[in-house]
Amino acid sequence: MAETESRPTNFIRQIIDKDLQSGLHSSVTTRFPPEPNGYLHIGHAKSICLNFGIAKDYQGSCNLRFDDTNPDKEDIDFVNSIKDDVQWLGFQWNGQERYSSGYFDQLHGYAVELIEKGLAYVDFSSQEQMREMRGTLKEPGTNSPYRDTSVETNLAEFAKMTAGEYTEGHCVLRLKIDMTSAFMCMRDPVIYRVKFAHHHQTGDKWCVYPMYDFTHCISDAIEGITHSLCTLEFQDNRRLYDWVIEHISIDTQPRQYEFSRLNLEYTVLSKRKLIQLVDEKHVFGWDDPRMPTIAGLRRRGYTPESVVEFCKRIGVTKMDNMVEMSMLEACIRDDLNANASRAMAVLDPIKLIIENYPDDQVENLTAPNHPSDENKGTRQLPFSKEIYIEADDFREEANKKYKRLVLGKEVRLRNAYVVRADRIEKDADGNVTTVYCHYDEQTLGKDPADGRKVKGVIHWVSASQGLPAEIRLYDRLFTVPNPAAEEDFAACINPQSLVIKHGFVEPSLADAEIGNALQFERTGYFCKDKDSREGRLVFNRTVGLRDTWTKTDN
RNA sequence: UGGGGUAUAGCCAAGCGGUAAGGCAGCGGGUUUUGAUCCCGCCAUUCGUUGGUUCAAAUCCAGCUACCCCAGCCA
C-alpha cells in the first residue's frame, strides 16, 4: 500500500530523543496497559501503535500489561480478545503478558510502607462523608477524623481489612497528602478498597484491591517503564503518580506523558458506550462489522496494515480532535486497491437475455484478477445467454452523462462483449425485470471494428453459473457526527447501518476465504463473512469504491 | 483570580526567531474495458484574539477569548 515513508515525528518521540541524547535513558521501555473489561477499539489501536511503534523504532521493548485491579468489571475472555487483537495488528509484546494483579503482593507491601511512614491511614468514613470532606473544585476539603490515627492502629486496621474482617464499603486505605490541594486527586486519595470478588487471575486470594492511581505508577516502576504514555484525562493524576513513586522505596523513575485520545466521526469510542451497544443488542456483538472495535474492523474487512497506516496518518498530539471517517476509509481503500483481487457481483439483479447468443452455450472467458498487477493472475469467467446486471445499470432513457445501458444503445459488459438493448419486460409495478439485447461477437477483447465508440462498461454475472449470495452493506452506525455528545446516543443509531442484499456473485468466489479482501468491480471492497455456510455465501462490504458520480449527478 | 490542558485550512497535522510541510476531503483537467485506480493542476499574504519585544514573530513576552479534563471505594 501507499505508505507514508517518513518515520512519525511527534512530541513524545521528541521527548524520547532528548532523554536518549542527554543520557537520562540508554534504552526505551513502554507498555500498553488495557483494563480487560471490554474489547479493544480503534482508539486503543492509536495507543498500541504509539507504544509498540516507539519500542520498534528505538530498539526498545513494549510490555502488554493488563490493568486488572477491578475484578467486578473484568473477565478472562477480554484478556484473550485483547491479546488476539494486539497480535493481529502485527505487534508482539516483550516476554509474557503482565498483570497488575501479578504485583498485588508488592503493592500491598508498599501500602504498608506508606502506613509506616505515616503517609496512609484507614478511613471508616462513609462514602457520603468522604465526598463532603473532599470539598469542591473551588473550595478546599477538610481532614478526615481518621487522618491522625496512629501508625500502629493503621497497621492493625489495614491488616484486618486485608484479612477480610471488614465488609465492603466499611473502610478504605487513603494516602495522607493534602485535603486543600487544587488537584482533586491529591485530596487524600483512596488507594485500597474492600472487595469480596473473585479475580480472573488471583482467584479468591484477595479481598482488598488497589486503585488505579496507586497501582499504575508502581507497576510501571516495577517493569522499568521509561515512558508511560496515557491519555489527556490523566494529566492531573500525574501529580499523584509522581508523589507515589517519590514516597516509596523503589529506584526506577518512570515518567508519564499524555496525548489526546482519538475521536472518530459517526461512532463512539468509549468502553462504556460500546458495552451498552452490545448489552442492549443494538449490534450483534463485539465483532459486529459496524463496531469500531478491532474485532469489528477485522470482520468488516479492514486489514491490520490499513489500521496501522491510519494511526500513522492521524498523528499524536495533545489537541482534542474529531477525525473524519473519510480518513479511515482512504487508508483501507489504498491498501485494498493495491492488494484485493477483482471479481464481479450483482447486488440488485435484473435479467439480461442475449437473443442472438446460443441457448445452451457457456463460454469460459479469461479475466485478470487485478487491472495493474499481473502477478495476481487470471480467472475463468463463464458467459452465457442469460446474465444478471445491476438494476441501476439500465435506463429506458437517459442523457449523455449516463454511461451505462440505455434502451437502443450499447454498453460494454466488463471482460466480455458489447451488447445493445432492444426491448424490455416490466413487472406489475412497472419495474424493469428483463432486458433483451443483441451482442456483437467481434468485440471480445477489442473495440468494435467499425470504430463506433462504446463509453460505458457494466459488470454482470452469468445467470446459470452465478452463485446466490447474501451481501451485507454497512453504513455509519450513527446518524450524527458526534453521538457521544447527544443526551441519548443510542437514539441516534442509524436504522440503515445494515442493509442486506440478495444478489449473485461469479462462481470463482465459491471457495473464497473468510476475511480475504475482494473488490467487486464498480461496487466496492468486500470479504466473505464467517456466517457463510455450504451453499450460502455471505459477504460484508468493507467500504464502497470512491464515487464521484452518484454524489453529484444521477 | 480553583487547578490542569489545548488553540495553524472543512478534518488530521508539520513547524521550535529567517518569511506557512504533508495527508484526508473538495475543485478543475488527462488516461482508462471499474464513473475506481493512476497522472497533472488548484486549494492559509496568514497561524484564536489584542498589544509588546525584534531588522525579522505561527514561533519570545503580556492581557483577553474559546474549548476540553478534574469533586468514583472506575480506569
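All chains are named by letter (A, B, ...) in the order of the sequence lines, taking the proteins before the strands, and each is independently numbered beginning at 1.
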Quiz item: Hey, is the side chain of A:E258 pairing donor to acceptor with the base of B:G5 inside 3.5 Å?
Solution: no
Quiz item: For B:A66, which nucleotide in any strand shown is its Watson-Crick or wobble partner with both distances under 3.5 Å?
Solution: B:U6
Quiz item: So what does A:T136 touch, heavy atoms closer than 4.0 Å: a base, only the sugar-phosphate, or nothing?
Solution: base
Self-check item: Identified pairing partner of B:C42, criterion: Watson-Crick or G-U wobble below 3.5 Å
Solution: B:G26
Exercise. Pick the P atom in B:U8 and in B:C47, then give their distance to the nearest Å.
Key: 12 Å
Quiz item: Which value, in whole Å, describes the distance between the P atoms of nucleotides B:G5 and B:U45?
Solution: 33 Å
Quiz item: So, is A:T548 near the phosphate of B:A36, with a side-chain N or O under 4.0 Å from OP1 or OP2?
Solution: yes
Self-check item: Distance, rounded to the nearest Å, where A:M211 contributes CE and B:C74 contributes P
Solution: 5 Å
Quiz item: Checking all strands, does A:E35 fall into the base, sugar-phosphate, or nothing category for heavy-atom contacts under 4.0 angstrom?
Solution: sugar-phosphate
Self-check item: Atom P, compared across B:C61 and B:G18: separation rounded to whole Å
Solution: 16 Å
Quiz item: Which nucleotide, B:C73, B:G35, B:C69, lies nearest any side-chain atom of A:D236?
Solution: B:C69
Quiz item: With a 6.0 Å cut-off on ring centres, are A:F124 and A:Y166 close enough?
Solution: yes
Practice problem: May I ask you to verify if any side-chain N or O of A:R134 is less than 4.0 angstrom from the OP1 or OP2 atom of B:C73? | Solution: yes
Practice problem: Could you work out the separation of B:U33 and B:C27 based on their P atoms and round it to a whole Å? | Solution: 24 Å
Quiz item: Is A:R174 touching bases, backbone alone, or none of the nucleic acid, heavy atoms closer than 4.0 Å?
Solution: nothing
Quiz item: B:C69 and B:G63: how far apart are their P atoms, nearest whole angstrom?
Solution: 25 Å
Quiz item: Within less than 4.0 Å of OP1 or OP2 of B:G2, is there a side-chain N or O belonging to A:R187?
Solution: no
Quiz item: How far, in whole Å, is B:C24 from B:A9 if one measures between their C1' atoms?
Solution: 12 Å
Quiz item: With respect to the phosphate group of B:G5, does any side-chain polar atom (N or O) of A:R239 fall under 4.0 Å of OP1 or OP2?
Solution: yes
Quiz item: Can we say A:D334 and A:R313 salt-bridge, meaning some charged N sits less than 4.0 Å from an Asp/Glu carboxylate O?
Solution: yes
Quiz prompt | A:I314 CD1 - B:C24 P separation (whole Å) | solution = 15 Å
Quiz item: Counting any heavy atom closer than 4.0 Å, what does A:N37 reach on the DNA or RNA strands: base, sugar-phosphate only, or nothing?
Solution: nothing
Practice problem: Provide, to the nearest angstrom, the distance between the NE2 atom belonging to A:H370 and the C1' atom belonging to B:A36. | Solution: 11 Å
Quiz item: So, does the side chain of A:R342 form a donor-acceptor pair with the base of B:U34 at under 3.5 Å?
Solution: yes
Quiz item: What is the nucleic acid contact for A:R333, judged by heavy atoms within less than 4.0 Å: base, sugar-phosphate only, or nothing?
Solution: nothing
Quiz item: For B:G35, does either OP1 or OP2 sit under 4.0 Å from a side-chain N or O belonging to A:R522?
Solution: yes
Quiz item: For the pair made of CG in A:N337 and C1' in B:U37, what is the distance, rounded to whole Å?
Solution: 5 Å
Self-check item: Rounded interatomic separation in angstrom, taking CE from A:M186 and P from B:G4
Solution: 13 Å
Self-check item: Phosphate-side-chain proximity, A:Q14 and B:G15, N/O vs OP1/OP2 below 4.0 Å
Solution: yes
Self-check item: Contact under 4.0 Å: A:K455 side-chain N or O vs B:U31 OP1/OP2
Solution: no
Exercise. Tell me whether B:G72 sits syn or anti, counting syn as a glycosidic angle within 90° of 0.
Key: syn
Self-check item: B:G35 base / A:R404 side chain donor-acceptor hit below 3.5 Å
Solution: yes
Quiz prompt | For B:G51, the Watson-Crick or wobble counterpart (both distances under 3.5 Å) | solution = B:C61
Exercise. Identify the nucleotide, in any strand shown, that forms a Watson-Crick or G-U wobble pair with B:A21, with both distances under 3.5 Å; if there is none, say none.
Key: none
Quiz item: Is A:G445 touching bases, backbone alone, or none of the nucleic acid, heavy atoms closer than 4.0 Å?
Solution: base
Exercise. Check the distance between B:U34's C1' and A:W460's CH2 and give it to me in whole angstrom.
Key: 14 Å
Exercise. Would you please confirm or rule out a distance under 4.0 Å between OP1 or OP2 of B:C74 and any side-chain N or O of A:R193?
Key: yes
Practice problem: Using a cut-off of strictly less than 4.0 Å, decide whether A:R261 has a side-chain nitrogen or oxygen near OP1 or OP2 of B:C68. | Solution: no
